[in-house]
Q: 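Sharing a structure, written as structure tokens. Questions coming.
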Protein chains: 2
Amino acid sequence: MLLYQQIKQYITALIGNKERDVKLPSERQLLEKFHSSRITVREALFRLETEGLIYRQNRKGWFVSPARLRWNPIKKANYYQLAEEQGFIPQTRLLHIQDTVAPKVVCRAFEQDATDVCWEVFRVRSLDGRPVMLEEIFCQKQAFPNLYQKALEGSITALFSQEYNITISSEQSSITVTALPDDKAELLSLNAGAPCLKIIRQRFCQQNKLIDYNIEYWVHGAIEIEVKSH
Amino acid sequence: MLLYQQIKQYITALIGNKERDVKLPSERQLLEKFHSSRITVREALFRLETEGLIYRQNRKGWFVSPARLRWNPIKKANYYQLAEEQGFIPQTRLLHIQDTVAPKVVCRAFEQDATDVCWEVFRVRSLDGRPVMLEEIFCQKQAFPNLYQKALEGSITALFSQEYNITISSEQSSITVTALPDDKAELLSLNAGAPCLKIIRQRFCQQNKLIDYNIEYWVHGAIEIEVKSH
DNA sequence: CAGTGGTCTAGACCACGAT
DNA sequence: TCGTGGTCTAGACCACTGG
């Protein structure tokens, strides 16, 4: 068996005994234990990261991944409710809100001129204190006056409905795997280049007008998507 | 800017000019061009792989990824039809079919004793000659007599319906990101350890009895999942 | 401050692919 | 046979974390 596979196996066994979020031995400790080199140790760690069993925090170390949040994109479930049902403590943090000229894809989705202005809301969502998702929400400025004064750390859907009387009636998501971009990784205090799930959600009102365009980056080991059809 | 980022940028620009599936310069060529080392060159290549822009074939080299297949797990769409609509040439290859004692998870799903016997069908699906998905189908042997004699390279749904008069009426999928396991990677002539989408599909008849339990491994850069809800 | 991971070098040998 | 990627060594310096 290859050396990095042995190291992988050793760490996997370690994880079996550990609680969520526990720190693993440092790369140099592992290297000494296996009379190996950092390259090989890191090969093993990266594979486990891709499998979703462990995750990195920039320059802090490697940690055991907690259970995945099971999420159904069809049900218009509230993040807080969903997380609590599954035994997590959920949290949302507003990073910033600003008005901006939206990227071209977003403008096209709104069928508007590039000169029109959007709100851009950046939020981070956590489970048990661990950041698991970065969210970038675009919506038209003129449709949501004074949005920056509202409570943006809760459910956006509820806010749209209660404060602006706008109800979401349908939704379209696109799910791909990609690498966490550098700027997004920094905001999640994670490492760039790790795999992540990128979910683009477009939500529409009853008149089929686009209400918001959301780009979500999920730490890939933190989520499992469930879909049912009848 | 970091060296591996420069190399990434260079390759990204290269890709812009290339057709799908074109081979990239070898690692050693890139290394010389940037007066660098293989570690650094590979860092750049791995990140592009995670982003889905390029893929590896074991010991053959690195290639430019074609466009992604857009797939909607809700619509009970036929693979061939879907692929052709999007301009791909689809293909299915039967690797083998055997009767086997199913893994415990599968037995539990069928609510049967571990001693009961299942069919296990292994297939690889390709787009334009590139393997993109490995599929492992479990179904109960007594429900599908002589399955091994049937045409197993087409739609299983159609086969169930035409040959056994069994119709799928609902379906439940679970989607996660993980690493391609070694044995699966070999069957796809790809490299182990690359990210992949793992989709577990359970399909039920009108009486809500489980008909088949499918485990699919998708080359992550080859697929984009689309979900709509109303 | 010591310890961590992040980046990087300059090599090596091997199994396998294409020819 | 030669070139490819796959695995591996034994170092190095840096930025940042945590005490």
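In this text the structure is predicted, and so the values were computed from the model without any measurement. Sequence lines set the chain letters: A, B, ... in the order given, protein chains first and strands last, and positions in each chain run from 1.
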Q: Please pick, from C/dG5, D/dT4, D/dT9, the nucleotide with the shortest atom-to-atom distance to any side-chain atom of A/Arg38.
A: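 Taking heavy atoms from C-beta onward, the closest nucleotide is C/dG5.
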
Q: Between D/dT9 and A/Ser36, is there an OP1 or OP2 to side-chain N/O distance shorter than 4.0 Å?
A: yes

Q: Hey, does the side chain of A/Thr40 come within less than 4.0 Å of D/dT9's phosphate (OP1/OP2), counting only N and O?
A: yes

Q: Using distance alone, with no hydrogens and no angle criterion, decide if A/Ser174 and A/Arg201 have a side-chain donor and acceptor under 3.5 Å apart.
A: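 Side chains of A/Ser174 and A/Arg201: no pair found under 3.5 Å.
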
Q: Let me know the distance between CE of A/Met1 and P of D/dC8, rounded to the nearest Å.
A: 11 Å

Q: Between A/Leu45 (CG) and C/dT4 (P), how many Å, whole number?
A: 13 Å

Q: Regarding D/dG5, can its base be found pairing with the side chain of B/Arg28 as donor and acceptor, where the two atoms are less than 3.5 Å apart?
A: yes

Q: Side-chain N or O of B/Ser26 versus OP1/OP2 of D/dT4: is the shortest distance under 4.0 Å?
A: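 Checking D/dT4 against B/Ser26, a side-chain N or O does come within under 4.0 Å of OP1 or OP2.
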
Q: Using OP1 and OP2 only, check whether a side-chain N or O of A/Arg56 sits under 4.0 Å from C/dG6.
A: yes

Q: Do A/Gln98 and A/Glu120 have a side chain donor and acceptor closer than 3.5 Å?
A: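 Their side chains do contain a donor-acceptor pair, which is all the 3.5 Å distance test asks for.
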
Q: So if I take every side-chain heavy atom of A/Tyr4 and compare against D/dG6, D/dC8, C/dT7, which nucleotide ends up nearest?
A: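 Among the listed nucleotides, the one closest to the side chain of A/Tyr4 is D/dC8.
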
Q: Which heavy atom of B/Tyr79 sits nearest to which heavy atom of B/Ser126, and what is that distance?
A: OH-O, 2.7 Å

Q: So, under a plain 3.5 Å distance rule, would you say the side chain of A/Arg59 forms a donor-acceptor pair with the base of C/dG3?
A: no

Q: Using a 4.0 Å heavy-atom cut-off across all strands, classify B/Leu2 as base, sugar-phosphate, or nothing.
A: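 Sugar-phosphate: the residue B/Leu2, judged by heavy atoms under 4.0 Å, touches backbone atoms but no base.
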
Q: Quick check on DNA chain D: between A/Asn58 and A/Glu43, whose nearest nucleotide comes earlier from the 5' end?
A: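 That would be A/Glu43.
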
Q: Does the B/Trp119 side chain pair with the main chain of B/Phe144, one donor and one acceptor, at a distance under 3.5 Å?
A: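 Judged by distance alone, yes, a pair lies under 3.5 Å.
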
Q: For the pair made of CG in B/Leu30 and P in C/dC8, what is the distance, rounded to whole Å?
A: 15 Å

Q: Write down the atom of A/Ile74, the atom of B/Val227, and the distance for their closest heavy-atom approach.
A: CD1-CG1, 3.0 Å

Q: What contact category does A/Arg42 fall into here, base, sugar-phosphate, or nothing, at under 4.0 angstrom with non-hydrogen atoms?
A: base

Q: Whole angstroms only, please: what is the CG-P distance between B/Leu31 and D/dG6?
A: 15 Å

Q: Take atom CD1 of B/Ile39 and atom C1' of D/dG6, then tell me their distance rounded to the nearest Å.
A: 11 Å

Q: How close or far is atom P of C/dT7 from atom CZ of A/Phe46, stated in whole angstroms?
A: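 In whole Å, C/dT7 P lies 8 Å from A/Phe46 CZ.
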
Q: Quickly work out the A/Gln29 CD to C/dT4 C1' distance and round it to whole Å.
A: 10 Å

Q: Rounded to the nearest angstrom, tell me the gap between atom CD in A/Glu27 and atom P in C/dA2.
A: 21 Å

